[in-house]
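We number each residue from 1, following the sequence as shown.
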Amino acid sequence: FWVVPPLVELLKYGTPTQKEKVCSAFWNLAVFVDPPRVAIVKADALPSLVETLRSGTSVAKDKAAGAIWNLTVNQEARSYIMKAGALLPLINSIRGETTKSRQRSVPGALQNLAINLDAKEVIAKEATEDLMKLIRDPNIDDETKEYATATLQNLAVHPENKKLLPKLGVIECCVEILNSNCEKAKDEAASTLWNLSIREENKQMIVDRGGKEALERVRQPQQMLELKKKLVKLSLG
């Protein structure tokens, strides 16, 4: 992947239009397989991608967020991304004036980053309210809501997050998803409630917020969702 280092230099020192094109190239290179993903992070592209998220044009920010999302598929790249300080710029890029592209790419990236144990707590503290805002926004498409809810699902595995997420309103948010027409995110919402219900103190809260009834009302053919519904109800008693 000899082309990567020259692209990194162009991302550092090029014109705004050139930077947009480089971010687009990285987005495309990182789509399918791991070798280009590893080559991009080892060529020290992440600091410039992060800087683009902070100060680039709107188009460049879209492309940089997409590139980082594709990079997060790789485990080694996820560690580089966290070390590069990409988390807060990612989250900030969907606050205030943003785009549909970023609103989809950032939850997708956070979903993958939240797989890493060392990232779960910081993502929960910094991004949970932003994710719930996306989930509750009627103008957001169902696939984006699915990514956001899947991030909550991954975060809810961590013991400390089992305490934090209910305080932030995640149980209510998951119940809303189960009661909504957003079919894509219901599997992840049920999984999130299951992960949270493992903590004894959360069980009654799930019942009080209507979680048990919401799970009983869901009618979907997916085998995994039915299993998760049974597990949550078994946990709640």
Answer yes or no: is there a side-chain heavy-atom contact under 4.5 Å between [X] and [Y]?
X: Asn195; Y: Lys162; value: yes
X: Lys184; Y: Lys145; value: no
X: Arg104; Y: Trp69; value: yes
X: Thr57; Y: Lys19; value: no
X: Ile40; Y: Leu7; value: no
X: Ile140; Y: Ile135; value: no
X: Ser58; Y: Thr99; value: yes
X: Gln75; Y: Arg78; value: yes

Is a donor on one side and an acceptor on the other found under 3.5 Å between the side chain of [X] and the backbone of [Y]?
X: Thr72; Y: Asn112; answer: no
X: Asn116; Y: Ala119; answer: no
X: Thr98; Y: Arg95; answer: no
X: Ser48; Y: Leu11; answer: no
X: Asn161; Y: Lys120; answer: yes
X: Ser105; Y: Arg102; answer: no
X: Ser24; Y: Glu20; answer: no
X: Asp142; Y: Cys182; answer: no

Which distance, rounded to the nearest 0.5 Å, do you find between the [atom1] of [X] and the [atom2] of [Y]?
X: Leu215; Y: Lys186; atom1: CG; atom2: NZ; result: 10.5 Å
X: Gln204; Y: Ser197; atom1: CD; atom2: OG; result: 12.5 Å
X: Cys23; Y: Asn28; atom1: SG; atom2: CG; result: 11.5 Å
X: Asp34; Y: Leu71; atom1: CG; atom2: CG; result: 10.0 Å
X: Leu90; Y: Lys61; atom1: CG; atom2: NZ; result: 12.0 Å
X: Asp208; Y: Glu172; atom1: CG; atom2: CD; result: 10.0 Å

Verify same cluster id: [X], [Y] (apolar side-chain graph, 4.5 Å):
X: Leu49; Y: Ile94; result: yes
X: Val122; Y: Leu131; result: yes
X: Met82; Y: Leu155; result: yes
X: Trp27; Y: Val41; result: no
X: Leu110; Y: Ile115; result: no

Verify the neighbour count for atom [atom1] of [X]: are there more than 12 heavy atoms of other residues, nucleotides or ligands below 6.0 Å?
X: Glu129; atom1: CD; result: no
X: Glu200; atom1: CD; result: no
X: Lys12; atom1: NZ; result: yes
X: Asn181; atom1: CG; result: no
X: Lys100; atom1: NZ; result: yes

Taking all atoms of both residues into account, what is the closest heavy-atom pair of [X] and [Y], and its distance?
X: Ala30; Y: Arg37; result: O-NE, 2.8 Å
X: Glu146; Y: Ala185; result: CA-CB, 4.0 Å
X: Val50; Y: Ala84; result: CG2-O, 4.0 Å
X: Gly85; Y: Arg54; result: O-NH2, 4.2 Å
X: Val170; Y: Leu196; result: CG1-CD1, 4.1 Å
X: Asn179; Y: Ala214; result: OD1-CB, 3.5 Å

Could you give me the CA-CA distance, side-chain angles and deciding distance for Glu188 and Leu152, then say whether side chain to side chain contact (heavy atoms under 4.5 Å, CB included) is met? CA-CA 8 Å; Glu188 288 77 12; Leu152 298 179; over 6 Å; no
Tyr13 and Glu9 side chains, donor-acceptor separation under 3.5 Å: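 Absent: no donor and acceptor within the cut-off.
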With distance as the sole criterion, is a donor-acceptor pair present between the side chains of Asp141 and Thr144 under 3.5 Å?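 Yes, a side-chain donor-acceptor pair sits under 3.5 Å.
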Please report the C-alpha distance between Cys174 and Leu178 in whole Å, then the side-chain angles of each, then the deciding distance to 0.1 Å, and finally whether the side chain to side chain contact (heavy atoms under 4.5 Å, CB included) criterion is met. CA-CA 6 Å; Cys174 288; Leu178 292 172; 5.5 Å; no
Could you walk me through whether Glu76 and Lys42 pass salt bridge (Lys or Arg N to Asp or Glu O under 4.0 Å), step by step? CA-CA 10 Å; Glu76 185 176 4; Lys42 288 192 172 181; 3.4 Å; yes
Assess whether side chain to side chain contact (heavy atoms under 4.5 Å, CB included) is satisfied between Phe32 and Asn70, documenting all intermediate values. CA-CA 8 Å; Phe32 294 116; Asn70 285 344; over 6 Å; no
Would Leu165 and Asn202 satisfy side chain to side chain contact (heavy atoms under 4.5 Å, CB included), going step by step from the backbone distance to the final call? CA-CA 10 Å; Leu165 296 181; Asn202 293 336; over 6 Å; no
